[in-house]
**Student:** 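Let me begin by handing over the structure; questions about it come next.
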Amino acid sequence: QVQFVESGGGLVQPGGSLRLSCAASGFTSQSYAISWFRQAPGKEREEVLCINYADGRSVKGRFTIARDNFRNMLYLQINSLEPEDTAIYYCARRRSENFRCSESAHGYDFWGQGTQVTVSS
């Protein structure tokens, strides 16, 4: 059974950092592109960053995804957090093995329950 469990969210002050974890089970995550999405209250779900199936690391600005293939886990590091980063963060699996990243949520078939990140002083 394919499953994701996210963790690591919480309340953090602006300018701080967080590392979110995504524990995958029921499949080999390194064979799939995995994205982190987020959804803030009253807003559409949006992609934060994706890592392709062949890559061990993906970086965009303040966001970094890293894989731990031995543990079948992925991590999202967020630095210099801003109040606008407040949202529920989800990891999601690309629909097929060896498909590259997609910015559309429709391109992903399994999602975790999410972890809440709140940035506030």
**Student:** Tell me, please, whether Tyr75 has Arg19 positioned over its six-membered ring: NZ or CZ under 6.0 Å from the ring centre and within 45 degrees of its axis?
**Tutor:**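 Geometry flag: set, cation within 6.0 Å and 45°.
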**Student:** For residues Ile88 and Thr115, determine if any side-chain heavy atom of one lies less than 4.5 Å from a side-chain heavy atom of the other.
**Tutor:**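 No, side chains not in contact.
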**Student:** Aromatic rings Phe27 and Phe4: how do their planes relate, parallel, tilted or perpendicular, breaks at 30° and 60°?
**Tutor:** perpendicular
**Student:** Inspect the contact between Asp85 and Arg62 and indicate whether a charged nitrogen and a carboxylate oxygen are less than 4.0 angstrom apart.
**Tutor:** yes
**Student:** Enter the distance from Gln30:CD to Ile51:CD1 here, rounded to the nearest 0.5 Å.
**Tutor:**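 So the gap between those two atoms works out to 11.0 Å.
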**Student:** Give me the atom names and distance for the closest heavy-atom approach of Trp111 to Ala105.
**Tutor:**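 So the minimum-distance heavy-atom pair works out to CZ2-O, 3.6 Å.
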**Student:** Would you say the side chain of Val119 lies within less than 4.5 Å of the side chain of Glu82, judging by non-hydrogen atoms?
**Tutor:** no
**Student:** Might you point out which heavy atoms bring Arg38 and Tyr89 nearest each other, and give the distance in Å?
**Tutor:**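 The pair with the smallest heavy-atom distance is NH1-OH, 3.0 Å.
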**Student:** Can you hop from Phe110 to Val48 via hydrophobic side chains spaced under 4.5 Å?
**Tutor:** yes
**Student:** Could you check whether any side-chain heavy atom of Thr86 comes within less than 4.5 Å of a side-chain heavy atom of Val117, counting everything from C-beta outward?
**Tutor:** no
**Student:** Is Glu6 reaching over with its side chain to a backbone N or O of Cys91, donor-acceptor style, under 3.5 angstrom?
**Tutor:**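 Such a contact is found between Glu6 side chain and Cys91 backbone.
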**Student:** Atom CD in Gln77, atom CG in Leu18: separation rounded to 0.5 Å?
**Tutor:**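 Gln77 CD to Leu18 CG: 8.0 Å, rounded to 0.5 Å.
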**Student:** Quick one: does any side-chain atom of Asp68 pair with a main-chain N or O of Arg71 as donor and acceptor, under 3.5 Å?
**Tutor:** yes
**Student:** Walk me through it: do Met73 and Ser21 pass the test side-chain contact (heavy atoms from CB on, under 4.5 Å)?
**Tutor:** CA-CA 7 Å; Met73 292 192 66; Ser21 299; 3.8 Å; yes
**Student:** So Tyr53 and Glu97, do their side chains get closer than 4.5 Å, heavy atoms only?
**Tutor:**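 Heavy-atom side-chain distance check fails, nothing below 4.5 Å.
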**Student:** Side chains of Val12 and Thr118, heavy atoms from C-beta outward: is any pair under 4.5 Å?
**Tutor:** no
**Student:** Do any N or O atoms from the side chain of Ser102 and from the backbone of Ser104 form a donor-acceptor pair under 3.5 angstrom?
**Tutor:** yes
**Student:** Return yes if a side-chain donor-acceptor contact under 3.5 Å exists between Ser35 and Tyr108, otherwise no.
**Tutor:** yes
**Student:** Please check this pair: side chain of Asn72 against backbone of Ser29, looking for a donor-acceptor N/O pair closer than 3.5 Å.
**Tutor:**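 It does hold such a pair.
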**Student:** Looking at SG of Cys101 and CD1 of Ile34, how far apart are the two atoms once the value is rounded to the nearest 0.5 Å?
**Tutor:**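 Result: 9.0 Å between the selected atoms.
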**Student:** Within the distance-only criterion (no hydrogens, no angle test), does the side chain of Asn79 pair as donor or acceptor with the backbone N or O of Ser17 below 3.5 angstrom?
**Tutor:** no
**Student:** So, do Ile78 and Leu20 sit near enough that their side-chain heavy atoms are less than 4.5 Å apart?
**Tutor:** yes
**Student:** Decide ring pair (Phe, Tyr, Trp, His ring centres under 6.0 Å) for Phe63 and Trp36; before the verdict, give the C-alpha distance in whole Å, the side-chain angles of both, and the deciding distance to 0.1 Å.
**Tutor:** CA-CA 10 Å; Phe63 302 91; Trp36 282 90; over 10 Å; no
**Student:** Name the residue from Arg94, Arg95, Arg93 that meets the side-chain hydrogen bond (donor to acceptor under 3.5 Å, both in side chains) definition with Asp109.
**Tutor:**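 The single option meeting the side-chain hydrogen bond (donor to acceptor under 3.5 Å, both in side chains) with Asp109 is Arg93.
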**Student:** Does any N or O in the side chain of Arg100 come within less than 3.5 Å of the main-chain N or O of Asn52, such that one atom is a donor and the other an acceptor?
**Tutor:** no
**Student:** Same cluster or not: Ile65 versus Tyr32, using hydrophobic residues (I, L, V, M, F, W, Y) connected whenever any side-chain heavy atoms lie under 4.5 Å apart?
**Tutor:**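 Hydrophobic grouping puts Ile65 with Tyr32.
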**Student:** Between Ser58 and Cys50 (side chain of the first, backbone of the second, donor and acceptor by atom type, cut-off under 3.5 Å), is there such a pair?
**Tutor:**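 It does hold such a pair.
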**Student:** Other residues, nucleotides and ligands only: do more than 12 of their heavy atoms fall within 6.0 Å of CD on Glu103?
**Tutor:** no
**Student:** Are side-chain heavy atoms of Arg57 and Thr64 found at a separation under 4.5 Å?
**Tutor:**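 Sidechains of Thr64 and Arg57: in contact.
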**Student:** Taking all atoms of both residues into account, what is the closest heavy-atom pair of Gln39 and Lys43, and its distance?
**Tutor:**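 Scanning both residues, the minimum pair turns out to be NE2-O, 3.1 Å.
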